[in-house]
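Reviewing the structure listed below.
Side chains are part of it too, since the values below use all heavy atoms of this structure and drop only hydrogens, waters and symmetry mates. For this chain, numbers begin at 1 and follow the sequence in order.
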Amino acid sequence: MLPLISAKGEYVVGKTVLRMVDIDKRFPGVHALKSANLEVKEGEVHALLGGNGAGKSTLMKILGAIYQPDGGEIFIDGQPAQLASVRDAQGYGISIIHQELMLFPELSIAENMFIGERPEGYGYINRKEMERRAQAVLDDLGIRLQAGTVVSSLSLAQQQLVEIARALSFNARIIVMDEPTSSLSNKEVEMLFEFIRKLKKNGVAIIYISHKLDELFEISDRITVLRDGETVGTVITKETTEDDLIRMMVGRELSSFYSQAQREISPEVVLEVRGLAKEGVFHDINFQLRKGEILGFTGLVGSGRTEVMEAIFGIRSFDRGEILLRGSRAEIKSPTDAIAAGLALVPEDRKAHGLILKNTVGFNMTITVLKEFIGSFRVDRKAERSILDSYKERLRIVTPSYRQIAAKLSGGNQQKVVLAKWLATKPLVLILDEPTRGIDVGAKAEIYTLMHDLTKQGVSIIMVSSELPEVMAMSDRICVMNEGTISATLAKEEFSEEKIVAYSVRRG
């Protein structure tokens, strides 16, 4: 029976519509689920939370009949459910809205809603009837869109609503939403949440997967936590705290991952930037980075943080100023120059700039060091494997094989692959631009530990982060940016959220 962690007794929304009992699933070399359990009620938003490799996606793919379980049972409305195919799952009213939307952008809303089931006339597709039926569904749901609108013209939030409308057109009673707000603005998130609340009132059960704890506290009724393929427990959202959830996810307080012994920073200046400027983007950028130091960069969006890092790494040109490495001026005109000089940059957007998503994990991990195992006439597979195994173990990358396509990894594991790619170059200076954005608490903790280990080995780190608790906990000093320049450089003893915010919005 699923453990319900509650101080105030049984939580009731409606009747139980779904029970997944002792679900077990194995892949080659990976025991993905170990007697996992989940219970969802009618008219409930039930959040599913867990770190990378916890089993969230696998459990939902079993619910959607994409995978078949190796053990356990699934009950719908108290009766055993036979889910041999995706169509079987749809027949039970189960619909999964994946993180990557499954819409055809060149088709209309109506055409997307009736893919595979198009209303027909006398031997032809009756588009008028298709749009009429689609519009009826949209109107019933209060979605203010025209069924004939081409999907590519919609915002991401509107496309999310179309996915939901399509699910409900098939009489979905259980809707799984996988990271539905990952690409939405704050306004679009609120629009989606308002719609979710309408679905609740209509008795639809929603399984909501997200690593964003603030969202879970706003939208969910209960939260089930998975860890290492097992169900840790289920809590009533209003009766729990972020600290409680973090303990369940990783087995200890997140603050313990931040904690660090006071480091003795070497006086050696590894990187120095003097008077760096790019008209209309940033100006008068001056700072030093010492050996083994973590130098934080923070500030509001648009303050120029990322642009400065791109200039240092040779992605972006600058008008004046100079970059010195170990006291000597460095001529960095391209990323190739930067890598040769001992710099590495983990970009803000790993999918767009950090990975070749359609290629393999192995390819992405070694693309920066091909010369170490590829000669004129042969590939040294033993050397290649040694590099891959070393960083897979060091970073705890979870992947069934090095031939796995990078796009299929979780966000945290994708970020680890990007890190592996750059660590393989053995950098002198590692620039991390929002290194924990879009990943769960467990993966964050692993990255924090890695950063500590790297500094002990003499690597110097620049960490760009919008999360003040993170940048304050991890940095030895913090540079605050405002309107394209560094408005303050704070020593550890000067750190406070109020001070950082003040320097972010005003200078001096």
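The closest donor-acceptor contact from the side chain of Ser390 to the backbone of Ser386 lies at 3.5 Å or more, if one exists at all. Here the side chain of Arg305 pairs no donor or acceptor atom with the backbone of Met481 at under 3.5 angstrom. Looking at Tyr402, its side chain does come within 3.5 Å of a backbone N or O of Asp389 through a donor-acceptor pair. Formation of a donor-acceptor pair under 3.5 Å by the Ser487 side chain with backbone atoms of Val480 is found in this model. Proximity of a side-chain donor or acceptor of Thr399 to a complementary backbone N or O of Ser401 within less than 3.5 Å is detected. Judged by distance alone, with hydrogens and angles left aside, the side-chain atoms of His452 form no donor-acceptor pair with the main-chain N or O of Leu454 at under 3.5 Å.
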Step by step, would you call Arg166 with Ser95 a side chain to side chain donor-acceptor pair (under 3.5 Å)?
CA-CA 9 Å; Arg166 181 167 69 177; Ser95 182; over 6 Å; no

Under the criterion side-chain contact (heavy atoms from CB on, under 4.5 Å), I'd like the reasoning laid out for Asn482 against Ser303: C-alpha separation, chi angles, the key distance, then a yes or no.
CA-CA 5 Å; Asn482 180 359; Ser303 62; 5.6 Å; no

Set out, in order, the CA-CA distance, both residues' side-chain angles and the distance that settles side-chain contact (heavy atoms from CB on, under 4.5 Å) for Leu49 and Met248, then state yes or no.
CA-CA 10 Å; Leu49 183 64; Met248 293 171 72; over 6 Å; no

Audit row: Tyr208, Asp221, side chain to side chain donor-acceptor pair (under 3.5 Å) steps and yes/no
CA-CA 10 Å; Tyr208 190 95; Asp221 298 299; over 6 Å; no

Check step by step if side-chain contact (heavy atoms from CB on, under 4.5 Å) holds for Ile96 and Asp178.
CA-CA 8 Å; Ile96 299 178; Asp178 189 358; 5.5 Å; no

Show the numbers, then the answer: is there a side-chain contact (heavy atoms from CB on, under 4.5 Å) between Ile207 and Met60?
CA-CA 9 Å; Ile207 301 173; Met60 291 301 96; 3.8 Å; yes

Stepwise, does the salt bridge (Lys or Arg N to Asp or Glu O under 4.0 Å) test hold for Glu179 with Lys56?
CA-CA 11 Å; Glu179 299 286 358; Lys56 307 183 299 292; over 6 Å; no

With salt bridge (Lys or Arg N to Asp or Glu O under 4.0 Å) as the criterion, how do Arg477 and Glu494 come out once you've worked through the C-alpha distance, each side chain's angles and the decisive distance to 0.1 Å?
CA-CA 9 Å; Arg477 292 181 299 136; Glu494 299 176 285; over 6 Å; no

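At least one side-chain heavy atom of Arg197 sits under 4.5 Å from a side-chain heavy atom of Ile219. In this structure, the side chains of Ile323 and Leu271 come closer than 4.5 Å at one or more pairs of heavy atoms. Put simply, the side chain of Asp433 does not reach to within 4.5 Å of the side chain of Phe297, judged on heavy atoms. Inter-residue side-chain proximity for Val464 and Glu348 is flagged as unmet; no heavy-atom pair is nearer than 4.5 Å. With contacts defined as side-chain heavy-atom distances shorter than 4.5 Å, the pair Glu218/Glu190 qualifies. At least one side-chain heavy atom of Leu345 sits under 4.5 Å from a side-chain heavy atom of Ile315. You'll find the side chain of Ile461 stays beyond 4.5 Å of the side chain of Met474, heavy atoms only. Within the 4.5 Å cutoff, no side-chain heavy atoms of Lys421 are placed close to those of Asn364.
Across every non-hydrogen atom of Leu428 and Ala341, the tightest pair is CD2-O, 4.5 Å. Residue Leu343 comes nearest to Phe313 through the heavy atom pair O-CE1, 3.6 Å, listed as atom of the first residue, atom of the second, then distance. Of all heavy-atom pairs spanning Ser460 and Val270, the tightest one is OG-CG2, 3.7 Å. Across all their heavy atoms, Leu355 and Gln414 have their closest contact at CD1-CB, 3.6 Å. Pairing each heavy atom of Val45 with each of Lys200, the nearest pair is CG2-CD, 3.4 Å. Listed here is the closest heavy atom pair of Ile285 and Gly484: CD1-O, 3.7 Å.
Rounded to the nearest 0.5 Å, atoms CD1 (Ile196) and CG (Leu199) are 7.0 Å apart. To the nearest 0.5 Å, the span separating OG on Ser410 from NZ on Lys416 amounts to 7.5 Å. For the atom pair NZ (Lys291) and CD1 (Ile265), the distance works out to 12.0 Å, reported to the nearest 0.5 Å. Here the CZ atom belonging to Arg381 is positioned 10.0 Å from the CG atom belonging to Leu388, to the nearest 0.5 angstrom. If you take CD on Glu483 and NE2 on His283, they are separated by 7.5 Å, rounding to the nearest 0.5 Å. Distance CG/Leu48 to CG/Leu216: 10.0 Å, rounded to 0.5 Å.
No more than 12 heavy atoms of other residues, nucleotides or ligands sit less than 6.0 Å from atom CD of Glu279. For CZ of Arg320, the number of neighbouring non-hydrogen atoms (other residues, nucleotides, ligands) closer than 6.0 Å is 12 at most. No more than 12 heavy-atom neighbours from other residues, nucleotides or ligands sit within 6.0 angstrom of CZ on Arg396. The number of heavy atoms from other shown groups lying within 6.0 Å of CD (Glu393) does not exceed 12.
Both the sub-6.0 Å distance and the 45° axial angle are satisfied by Lys25 relative to the ring of Phe27.
With 3.5 Å as the limit, one finds no donor-acceptor pair spanning the side chains of Thr485 and Asp284. Checking Ser108 against Glu111 by side-chain atom types alone, a donor-acceptor pair falls below 3.5 Å.
Taking a cutoff of 4.0 Å between a charged side-chain nitrogen and a carboxylate oxygen, Glu470 and Arg437 do not qualify as a salt bridge. Using a 4.0 Å cut-off between charged side-chain N and carboxylate O, Glu310 and Lys278 make no salt bridge. With salt bridges taken as basic N to acidic carboxylate O contacts below 4.0 Å, one links Asp244 and Arg247.
Residue Leu432 is tested with Leu450, Ile462, Leu419 for a side-chain contact (heavy atoms from CB on, under 4.5 Å); the sole match is Leu419.
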